2 protein chains.
Amino acid sequence: MATIDDVAKLAGVSIATVSRVFNNSPLVSEKARQKVLKAAEELGYKPSMPARSLAMKKTNTIGLIVPDISNLYYAEVVRGIEDVCNIYKYNITLCNADNKREKEFQYIEMLKNRWVDGIIFHCDYFSKEHYEIFENGNIKVVLAGRTTKFDVPYVGIDNFKAAYDAVKYLISLGHKKIGIIHGPLDEMKETIDSVDRLRGYKQALIDNGLPIYDKFIKEANFKYKGGYNAAMEMLKGEMRPTAIFAISDIMAMGAINAVFDSGLSCPEDVSVMGFDNIDLAEATRPSLTTVSQPMYEIGAVAARMLIKMLNGEEIDEYQIILKHKIVVRNSCISPKK
Amino acid sequence: MATIDDVAKLAGVSIATVSRVFNNSPLVSEKARQKVLKAAEELGYKPSMPARSLAMKKTNTIGLIVPDISNLYYAEVVRGIEDVCNIYKYNITLCNADNKREKEFQYIEMLKNRWVDGIIFHCDYFSKEHYEIFENGNIKVVLAGRTTKFDVPYVGIDNFKAAYDAVKYLISLGHKKIGIIHGPLDEMKETIDSVDRLRGYKQALIDNGLPIYDKFIKEANFKYKGGYNAAMEMLKGEMRPTAIFAISDIMAMGAINAVFDSGLSCPEDVSVMGFDNIDLAEATRPSLTTVSQPMYEIGAVAARMLIKMLNGEEIDEYQIILKHKIVVRNSCISPKK
DNA sequence: ATGAAAGCGCTAACAG
DNA sequence: CTGTTAGCGCTTTCAT
């Protein structure tokens, strides 16, 4: 590969001039610029990023830590991130940490050693330990798809309110016995999706004078099978819900099939509501009424915010809550009298 | 951030010794090693990758170009890649090129300037132009999920045979009127998924003395809606297939719903077969009989191969065809008499 | 076993 | 406007 020296020699100028040309410095005569460009063209020269990074202490790279890229939700968020990074000429280093603390910390450390300019971080729960690592490491970070009480930039949604709205909608339809299938709760810490959504669910019931039944609250693992099994159990016996709110579309798909396999029909006997609004939500039968979460936008906004931070630009809002909305399709109707 | 100089000074040794310690050179006394380690610990020192990359002309980074990470298929492949890269301490730079040639070339150029050690490349069709760019740029590359006639390492599946086997299975069930929903054909170039699978479909019909009807061959865009529409058209009128082979599970899901919306039932009136075997294939009703493609493994094997190449290890097979298999579920049965 | 010193390819004062 | 030069943080001969 040709280096800056080769170009300088061929163009008959100093390496400083070559550097200037490639950094769009105005301090170069048009003549010199042309000579340099021609020589570079001839040699197929392009500046070496590693060398440039070392000299400028800036890599133009953003580290991306997600639990699992093969999860539809994160894949969509990452797509949003990548698109805006591409616009601003940033690159992405992708890391799958599986929500394991140890892996997360390891990756953060590694990204730091690689001098990434900043990190966009995803996890199920942002702990004090996380906070301290970023703080002490002096690492620029923005949390995506998650809120936190710590003083860290983030962009997410209001999970409490989203669940509250979902349940309120179900109640407005006339449902009084509403079940929920949530995910792992991890000691009920706030800002965990499952915990906040469960709280929203309960509050909506309370605010509408409805009782909370333990039997209608089931935990699953965010997978199809988990949603299926949880719904099956909920549907067993006399006392059963007329509506089930699963806090992910995938689990909701499991719930719909569980309704059918219980000899009931959806939505006639049991309404099912999802969360996320993945592409396939309209492909289920019945198509899924769900809480829409702006996944692509979460990624895009997070990336834009981080890049602004890196450029030292003014930022009006470091903690952004994006709007969710209820997408009404066919899986939820009023209960039979 | 502490540098190698800081450590050397604090440990009372030269930077060469510090370097040796961090590169596990045996040429260091135990005493010196301890001093260095202690000093490094104290300063929180870790070698800077950009500096190291520049000195060694090796970045320990692999470039990854995919059409679209938010596509379930690629997300799964990438997960496989990431997992093995992680084991071998390689990092991944992710690029979404949307199958656009211009974007692909741009990313390849950029990855080259970043001195990535190698590239794992995904695209719908590997052209001569691609070949030449990698060849002339002297870039180590392995194609994932795709075969090619060019002399480039790859790991993929035999799409012709996979489709052939799928249709053969349908025929063995007794079907004689079999439709196919394929993707874009792009001038019928070989090694494009759609083209090869369509060829496999036709050959299977021919080999079994079955006629090929144009009406039973529809193109769609690999999306749910596309599969739905294509199937709807195919099902219109008197002459309709008793089985539909969609070359992606997502399109197959569309086809299943189209069957229902045509007033028919699946699989009783029309069997539907998919391709890929994504997680959700078991969540459809009826659950989807499909051709399973080892997505995670394609990624993992490609990554392992590239890393071997980077290490200069001997490789027995540069062009690997992984096995597909028919996964029988409930969407395909024998046709009614 | 250890250190001095010359790069790796580029940027950024500084001087002219 | 241009060139010289001193780094950026690390690896790697080459002596010792």
Side-chain angles (χ1 to χ4, degrees), chain A residues 1-40 43-61 89 91 109-117, chain B residues 1-40 43-61 89 91 109-117:
Chain A
M1 297 234 15
T3 73
I4 197 171
D5 284 286
D6 303 328
V7 178
K9 213 157 292 170
L10 182 59
V13 299
S14 73
I15 61 168
T17 299
V18 177
S19 175
R20 288 193 187 98
V21 169
F22 278 90
N23 287 290
N24 294 314
S25 161
L27 308 171
V28 202
S29 66
E30 189 51 30
K31 211 171 111 198
R33 177 185 310 282
Q34 291 308 330
K35 279 194 298 186
V36 168
L37 254 21
K38 181 153 165 293
L43 296 168
Y45 167 81
K46 287 288 160 58
S48 151
M49 265 306 283
R52 191 174 246 181
S53 297
L54 182 59
M56 310 203 333
K57 290 173 170 298
K58 170 139 172 56
T59 54
N60 263 273
T61 301
K89 301 296 171 211
N91 262 211
E109 171 87 27
M110 185 223 73
L111 291 172
K112 191 178 158 198
N113 301 150
R114 286 190 173 252
W115 289 12
V116 296
D117 299 329
Chain B
M1 295 234 14
T3 72
I4 198 171
D5 285 285
D6 303 329
V7 178
K9 213 157 291 169
L10 182 60
V13 299
S14 73
I15 62 169
T17 298
V18 177
S19 174
R20 289 191 186 100
V21 169
F22 278 90
N23 286 290
N24 295 312
S25 160
L27 305 172
V28 202
S29 66
E30 190 51 30
K31 211 171 113 198
R33 175 183 313 282
Q34 291 309 331
K35 278 194 297 185
V36 168
L37 256 19
K38 179 152 166 293
L43 296 168
Y45 167 82
K46 286 288 159 59
S48 151
M49 265 306 284
R52 187 175 249 181
S53 295
L54 182 59
M56 310 206 327
K57 290 172 169 300
K58 172 141 172 54
T59 55
N60 264 274
T61 300
K89 301 295 170 212
N91 262 211
E109 171 86 25
M110 185 223 75
L111 290 172
K112 191 179 158 196
N113 301 151
R114 283 190 176 252
W115 290 10
V116 297
D117 298 330

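The sequence lines fix the lettering, A, B, ..., with proteins before strands; numbering per chain opens at 1. All values derive from a computational prediction rather than experimental measurement. Side-chain atoms are counted along with the backbone in the values below, which use heavy atoms only and exclude waters and symmetry mates.
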For Lys46(B), salt bridge (charged side-chain N to carboxylate O under 4.0 Å, His left out) partners two or more places apart | Glu109(A)
Do Trp115(B) and Met49(A) have side chains that get closer than 4.5 Å, going by heavy atoms?
-> no
How long is the span from the CZ atom in Arg33(A) to the CG atom in Asn24(A), to the nearest 0.5 Å?
-> 7.0 Å
Taking C-beta and beyond as the side chain, do Tyr45(B) and Ile4(B) meet within less than 4.5 Å on heavy atoms?
-> yes
Which of residues 43-58 of chain B sit near DNA chain D, with a heavy atom under 4.0 Å from it?
-> Tyr45(B), Lys46(B), Pro47(B), Ser48(B), Ala51(B), Arg52(B), Ala55(B), Met56(B)
Interatomic spacing from OG in Ser48(B) to CG in Leu54(A) - rounded to 0.5 Å = 6.5 Å
Which two nucleotides bound the region of DNA chain C that has atoms under 4.0 Å from heavy atoms of chain B, read 5' to 3'?
-> dA1(C) to dG9(C)
May I ask you to test the Met1(B)-Lys112(A) pair for a side-chain heavy-atom distance under 4.5 Å?
-> yes
Sequence-distant partners of Arg20(B), salt bridge (charged side-chain N to carboxylate O under 4.0 Å, His left out), two or more places apart | none
May I ask you to list the residues of residues 19-35 of chain B, by number, that have any heavy atom positioned under 4.0 Å from an atom of DNA chain D?
-> Ser19(B), Arg20(B), Asn23(B)
Please report the closest heavy-atom contact between Ser14(A) and Ala8(A), naming both atoms and the distance.
-> C-CB, 3.8 Å
Covered region of DNA chain D, 5' end to 3' end, by chain B [heavy atoms, under 4.0 Å] = dG9(D) to dT13(D)
Taking atom types as modelled, find out whether Arg52(A) and Asn23(A) have a side-chain donor-acceptor pair closer than 3.5 angstrom.
-> yes
If you look at every strand shown and take non-hydrogen atoms under 4.0 Å, does Val13(B) touch a base, only sugar-phosphate, or nothing?
-> sugar-phosphate
In short, Pro47(A) meets Asn113(B) closest at the heavy-atom pair O-CB, 3.8 Å
At their closest point, which heavy atom of Val7(A) faces which heavy atom of Val36(A), and how far apart are they?
-> CG1-O, 4.0 Å
Heavy-atom side-chain proximity of Asn91(A) to Arg114(B) below 4.5 angstrom = yes
